[in-house]
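Lettering of chains follows the sequences in order, A, B, ..., and the numbering in each one begins at 1.
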Amino acid sequence: METTSDFLNIKDVNTAFKINGKYYDAISHINLTVHHDEILAIVGESGCGKSTLATTIMGLHDPSETKISGEIDFEGTDLLKLDEAGYNKFRGAKIGMIFQDPLSALNPLKRIEDQISEVMTYHTKLTAEQKHNRVLELLKEVGIVDPKRTAHQFPHQLSGGMRQRVIIAIAIACKPDLIIADEPTTALDVTIQAQILDVLRKIQAENHAGIILITHDLGVVAETADRVAVMYAGQIVEEGSVEQIFNTPKHPYTRSLLRSMPQRDNQNDDLYVIQGNVPSLQKMPQIGDRFAPRIPWVKPEEHEKNPTMHEIEPGHEVRCTCYKSFSFPDQVGSVKA
Amino acid sequence: GCSNNSSSSSSNSAVKFSTAYKNSAATDKNATKNGTLKLAMPSNSPFQGITDPVLAPNATDAEAFAPGGENSLFNVDKNYKIVDGGLANQKLDRKAKTATITIRSNAKWSNGSPVIAKDVEYAYEVLGNKESTSSQYSSDFENIEGMAAYHKGTASTISGIEMPNGEKGKKVVIHFKQMTPSMKFSGNSYIWGSIEPYEYIKDVPIAKLASSEQIRKNPIFVGPYKLDKVVEGESTSWSPNKYYYGKKAQIGHITINVVSLNNIDKALQSKKYDSVVPEVAGSLGGTDYKNLKNLKGYAKVGQPALGYSYFAFNLGHFDTKTGKNVEDSSKKMSNKSLRQAMMYAVNVDQVSKKFGNGIKWRANTLIPPVFSKYYDKSAKGYPLDIKKANKLLDDAGYKKRNGSKWRSDPNGKKLVIHFGAMSSSATTEATYQNYLQQWHKIGLNVKYANGKPMEVNSFYDTLQKPNQNSIDLWLGAWSLSSEPTQTQLYGETAPFNMGHFATKKNTELINKMNDSSAWNDETRTKTFKEWQEYMNDQAGVVGDQFNYAWQPVNKRVKGFDISPANDEFYSNLTLTSSKLK
Amino acid sequence: MWKTILRRIMIMIPEVIILSLLVFLLAKAMPGDPFTGSINPKADPAQLHHLMKLNGLYDPWYQQYWNWVVHLFHGNLGNSYQYQEPVTRLIGSRAVNTLWLALFTTILTYCFALPMGMYAAKHEGKLPDSIIRVYTYVTYCIPFFVILVIGIWIFGYVLGWFPTTGSISSTATPGIGSIGSRFYHILLPGILGALFGTVNVVQYLRSEVIDAKRSDYVRTARSKGVPEKDIYKHHIFRNSLLPIAAFAGYSITGLLNGSLFTETVFSYPGMGLLFINSISYRDYTVITALVLIYGILNLLGTLLSDIILSIVDPRIRIE
Amino acid sequence: MEENLNKHSNISAADLKRLTKEADDEATPSSAKIIWNEFRADKPAMVALFIVIAFILFVMIASLFINTSQIMQTNIMNYNASPGTSGFVLGADSGGRPIAQQLIVGARNSIGIAIGLTIISSTFGICWGLISGYFNGYIDWGMQRVYDFMMMLPMTMMIIVLVTIIKNYNAVTLTLIFSIFYWEGTSRLIRSRTLSESEKDYVAASKTSGTNSFKIIFREIMPNISSLIIVDTTLSFAENIGVETGLSYLGFGLPIQTPSLGTLIANANDPNNITQYWWTWLPAALLIIVLCLSISYIGQVIRRSADASQRQGTEN
Amino acid sequence: MSLVEIKNLKVHYPIRSGFWNRITDSVKAVDGISFNIEAGETYGLVGESGSGKSTTGKSVVGLEKITSGSIMYQGKDITKKNNRKELDYNHDVQMIFQDSLSSLNPRKRIEDIIAEPLRNFEHLSKDEEKLRVLQLLDIVGLDPDALYKYPHQFSGGQRQRIGVARAVATNPKLIIADEPVSALDLSVQAQVLNFMKKIQREFGISYLFISHDLGVVRHMCNNIAIMNRGRLVEIGTRDDIYNHPVHIYTKRLLAAIPETNVNDRKEHRANRLAVEEIYRQQQDKYYDKDGKAFPLVPISPTHSVALPKEVAEQIIKQEGEVKA
Ligand SMILES: Nc1ncnc2c1ncn2[C@@H]1O[C@H](COP(=O)(O)OP(=O)(O)OP(=O)(O)O)[C@@H](O)[C@H]1O
Ligand SMILES: Nc1ncnc2c1ncn2[C@@H]1O[C@H](COP(=O)(O)OP(=O)(O)OP(=O)(O)O)[C@@H](O)[C@H]1O
Ligand SMILES: [Mg+2]
Ligand SMILES: [Mg+2]
């Protein structure tokens, strides 16, 4: 990873939202590196800050409502130091974003063609005709059967899957180096989900882009990602390659998640349940292991005071050392859940 | 002719007006010729655009088209008596029972065609036609031979109107069943005072006349000015009529604009208009006077108005079978002392002073001072006299019984008197309220009929029922015709005698005003005085207020004289500068 | 599309019929008659009765209604009792005035309201926004006629900038002059009406823009690198204007209601003033016709709104 | 079921008291409390609330001590007396009637009309909107037609016609006449919200729980649009205070002896009054503005407290 | 006799258009489906979005006006309103919704929400009622202090459990669960599924479990029906469906499930693409001219597939060979 670390380096990023006049961290001390040609998946439960991270990279936060610190190095530029105009040179051109809800993310009153070509207006010098051709090309690329017709339609006339493809087309229109996909398939059926993921992968292969894939579906991660970062309560708790995360998960949270999935062979058993709830922003513990309250059988002294990431094998990092003494209660036997 | 009558007829009024503004500045020939005289017409409703006086339903239209001469036939003197010198002269022949109308030979319509006998005759046809939309027809016209038959539709012409020199001639003879002295005055209800441009409108069915182009869009006139343009309901503009037989018009243009009563003061204050259109009943009230009396650049002219307001009592009913008003002694207000007491209790003088600002004053009789010949200056009327009022009531047996706050009637029954009034401006309604309070002061329980002032339609609707008991006493107002006979208001058969005051003596006096004895002016004057005295004593109907018809005139205008005797009002006007002063 | 419009119009017919019957009956139920109001000593009640009979006013109501409907189908709304001319012609000339003023007011309203609403929303929560909001609140709370009265007093009389009565100057020359004069006459009532009318549009637009600002598609546009200025131009304003456009039709109702006041204050000879006058004259034919016309205009207003909406909004485009 | 439950749950009747108490301690504050918190957090709103309540109380109480018929006695000698003269705090009108007292009684009458009108028209509009929005199909269709018809009616004209027909109308009849026309706005608003509310699953859940339609409409849906209802009602209340002013101006309002803010403001129909006798109308106009502003401000706060994301008051 | 027998159920939504707003066409949301739910079992209904699953579920509880067909419960057709009333049908059949927030009235306290069916069907005293509610809360694992709280104060999983508590309050025989966990996070989903299972065990309830997540369905259901464009394409036991899918649509669905086994994700993907390819090529073999599924034909006592008879027989033969 040291070879391409000049691509995207997120260093110690904090994003805090103003709630009732006070700032609360939604993500804290995030360090991440994304490389060319890879898909980095970010997984975690709802509310853990995945989208916040994405929108922070895109610079989509209202500065009067948020406080952002840290450094986001993208191809040698610190994005967080850019002004609006400077950011606009990156957005759409070098970084593309795919949003979760394909219906509301498209302007209901504009034809698909106009929405796609809008990106090119600001980042390329293509003529109207060239843009038109490129739009058709893009639609074909994302797997739309009748690009001509679709280009002329309005969002409400398309199915969910088609809309999501249009969003992808917008995101890749200028061949960006980085694509951020925030739950691109959550609203879709399994079959369509599979198709969309295929499209994403194809694009990545063709453009050599780096992709940040945000999802809470472990299956999607396992199928698609090269590397995985697991987030919990605004922090990254484990990071590693897909194989590392799925085959030898270390952090109790990662392990719990994997365990709570219905498996082929556990029809008659109860599923594993993580105790307790994700704390809300305002009630987030500021010191100590944030996951600790949900594994009460792990003794307090096993948790670090200020947990940090530990590299336990090349490319595999885990927050907190509590993983060492963690095992599930039913396996411990003596601990009452 | 010019008038030197600078009258202010009533000693009761605080202000004195002259009918003429005597401008000593010289006429500016150029300004007059090229200038525009701007007149406002205070009215809350747009005028209706009916130029024909026979068909026009109200005075607004007449005023809007006044520079056109209103097609009027006769000149009058200050008493509205018909005099020679106008478009036509009239001669009454008591023996032959005829009126002969002779049109002056040079009379022309503003389109250049001559005025002919048929024009005079046609007015009666339009008026009396069965299909006519005119509301001016009255049974009095059936005094003309053959009119009744024509009105019913059984005759196609009016047999009593003769044109000895043919339709195109200049002479018309009208045959009456009976001659009355009122025929000497303009505004009488027997001889119609205006003409119709027969040749111009003959093709229009009479029923459709009011809405025809000839009447609304392109009317013709016989007056000093001709109509240039009419903006429906809003304004008219005029320029001199070169065919006018009389004194030539001098001002290049005259415009008349409708201005709402609310805005008229401000409009005049901001010098948008030279004056308002002269109106016999007066359109500007006491408040306007207060606001405008010191207006710089304006003079004021005025004369007593052709109208008055009155209190009337409900004393009987209208017998629809005989068509006569009948007094009922059983009515609540039949007691004369009660009526007198109520009249003594009201403080009309105070009210007039406060709200009238000098242009209104207490009416001491039922003939307004504009009829200077008949008006009884000396009549006392009913000045405020609470003591007398109380005494009258006490004597008549209206006593407070059982500790009640209110007087009961002589039989000891509860007495509640219902006062009817029309909803109006805040000041007027304040006045009503004040009157009620005055009556309360003498212990009379007087209340609004219906609980509040009534909307004008409901008001007259109630009063015009042949027999009604919901209004015992009301405050009304009449604007009058320029002929002073009282038959139509207080006569025995008059439907407008809504209080049904119909004593023998009254009938006798009213008949006397118009019978053969009245041809003698002196006798007639005496009868009028006698009647006024009688009415005051009976207190069946009692005058409330008289007022001035007054108006401000911009000082650039010369020759502004609103006296009725000034028959050439518009011709006499000139301007002394091109801008308003 | 045409079919849908036609269908809407067909649905309107029974409503109009019911309205006509209702109005007819109500008008008849008013105390008095068209002739009592013109009472003066010269008028002979016998003649008034004669005229009542002549006009069929003593017939039973269903007879009168039937006659009226029959005439209606001949394009004849009867004769005005007060004006003695066909109602169609009478109203025709007034309607031109009212609609001309209404059109002008509408245009002005949008000229004022659009920039105001957008500006307020763009600077949401800041000083200009607060000022505009206070302005809308205050105008919302002041009765319309107070605005008119104060306006005519200041600009008409004190400053004398505008004519205060009528629809055209009596000295206007035909052609350009008369058009100019007419325009001059509706300027002040138009401006005042617009100042009042802006309230709804401003508030509506403001909240639309604020909603649009927070919408996902605007976020998408940002992520495309569209500059802020263009985001407002191409996305926010365009999308917020859509429901506003449709509002125009509905605003007819408000304008017509306001015409009663504007025309009274400015003595402007339109339908509103005609109505007020006709009420006291009991001019049945005119009253009925006016209420009916206003009703139909209201209906057409809603229809217009729906049509506009279906044209500008692809989501509800009528096939 | 019962034994079934007892078997599977170790909670029994004995625990009832204790558990109820526990739950009580944890109970969420009521919406009234939330609104109150919201007011406390917003100073201007607090002022507005204070103004409105204090004013209404003052008017209601003070008017008890004012003899209306007595103040409405004309005293022409005090015609348009200016403020401060001869005992007239705010001057007198053209009938010499004290403006100050008229203002109090007039405000009471106008507020009374506004309250009556708001209650009648809102209740009707809310019921209409709820029922029409909940039942789709013929009921809704029929109700929509009635509604369309009402929409078509030119309101002011119809009111004027009605007012002329009714010979002896007073504040009560006027209120009723207004009510005929003022429910439409509310009903439209409520209907559209009810439509979207009806599609939510909790309505379906109630249906499957066997709850009848009437209960679903008024006990399930209505509370959910209550914030809308409250906001709409406060705003229409603000609007209704001024509703008879226009009519009074045109000359079809309340009779002069019934003072109301409308009859007072209608004094402004005389341009002379506007400048010369400003006290005859200006206080009433200002009063309406202040009152309306305060009420709409209160409406804003309530709207905000209904929307959890905009709340400014801290919870609890 | 099965608990519920659905026969040839059709639900069509009218599309209105034209001059008089007449019904000119219809969306055939459910177009002739039949299956039976046995007492105590969990019956899975799977299909892609818009295939008519929810419509079916709603018809069964009586929320939807059905076009034709019958739903028999205790020998009576409950598509008729009268029968539903007579049987106190909603006492016996309840529903759990996908969106836990919208299915709980945000203005009602938890106590009132759970007690709602009790108040309608069982007339209990105040205390009895409260006790019941507390017990129900206890059973779904919520603290008693939830009693006076509002739905928004709970997390998604807790809310869904409140929904379960409400559904079981009247001790129903059948609960329709329309995507009860689709909106939930993994860990929360596990909680809810566990509770549903627990309650089924304890009260002997049947579920009609609607989902598009085949992983969850496999975990929960004994019998499964696959729905496509308003019709059933395949029904069978869990084993039938997961291990011996016949219809191409079923195969496609199964292939699309993401696998968590990262080691052979390449094969998995290749397999899916292969199935996609077959689906594209052989589509017309599996659907009739109108693109609709054929009627179901049984290929084993538990397993039916929507295929023309001949094709089905052929497959049976092949299967037999495979099995043999
Ligand atoms: N604009 C904002 N203001 C205040 N808090 C916010 C804002 N946006 C997000 N949050 C909070 O920040 C936290 C993280 O939110 P975020 O949307 O990043 O989560 P997520 O991981 O994307 O969840 P999901 O899977 O539901 O999309 C949440 O607790 C959320 O409530
Ligand atoms: N009220 C309605 N009016 C018209 N069409 C409807 C209506 N409700 C549902 N539909 C249509 O019926 C079809 C089946 O809908 P249904 O909700 O049953 O699908 P589903 O399988 O539950 O889908 P999902 O997985 O998206 O919930 C869809 O095409 C839908 O558009
Ligand atoms: Mg997110
Ligand atoms: Mg569904």
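Results of the side chain to side chain contact (heavy atoms under 4.5 Å, CB included) test with D/P154 over C/N257, C/V291, C/L290 single out C/V291 as the only residue that passes.
Looking at C/I18, the atoms closer than 4.5 Å to chain D (heavy atoms on both sides) sit in the backbone and in the side chain alike. Proximity to chain C (any heavy atom under 4.5 Å) is restricted, for D/L162, to the side chain, taken from C-beta onward. Contact annotation for C/F275: only side-chain heavy atoms (C-beta onward) come within less than 4.5 Å of a heavy atom of chain D. Of the two parts of D/F252, only the side chain, counted from C-beta on, holds a non-hydrogen atom closer than 4.5 Å to a non-hydrogen atom of chain C. Contact annotation for C/V265: both backbone and side-chain heavy atoms come within less than 4.5 Å of a heavy atom of chain D.
Contact tally against chain C (heavy-atom pairs below 4.5 Å) for D/I160, D/I165, D/L293: the top residue is D/I165. The candidate with the highest count of non-hydrogen atom pairs below 4.5 Å against chain D, out of C/F261, C/Y294, C/F145, is C/F145.
Interatomic distance, CE of D/M155 versus CG of C/L256, reported as 12.0 Å (0.5 Å rounding). Rounding to the nearest 0.5 Å places CD1 of C/I150 at 7.5 Å from CG of D/L282. In this structure, OG1 in C/T253 is found 11.0 Å from CG in D/L153, a value given to the nearest 0.5 Å. The CG atom of D/D148 lies 8.0 Å from the CG atom of C/L299; values are rounded to the nearest 0.5 Å. Here the straight-line distance linking atom CG of C/L22 with atom CZ of D/F149 works out to 5.0 Å at 0.5 Å rounding. Here the straight-line distance linking atom CG of C/L19 with atom CE of D/M152 works out to 4.0 Å at 0.5 Å rounding.
Counting only heavy atoms from C-beta outward, the side chains of C/V149 and D/W281 never approach each other to under 4.5 Å. Using a 4.5 Å heavy-atom threshold, the side chains of C/V23 and D/V161 count as separate. Counting only heavy atoms from C-beta outward, the side chains of C/L26 and D/M158 approach each other to under 4.5 Å.
The heavy-atom pair separating C/L260 from D/L250 by the smallest distance is O-CD2, 4.0 Å.
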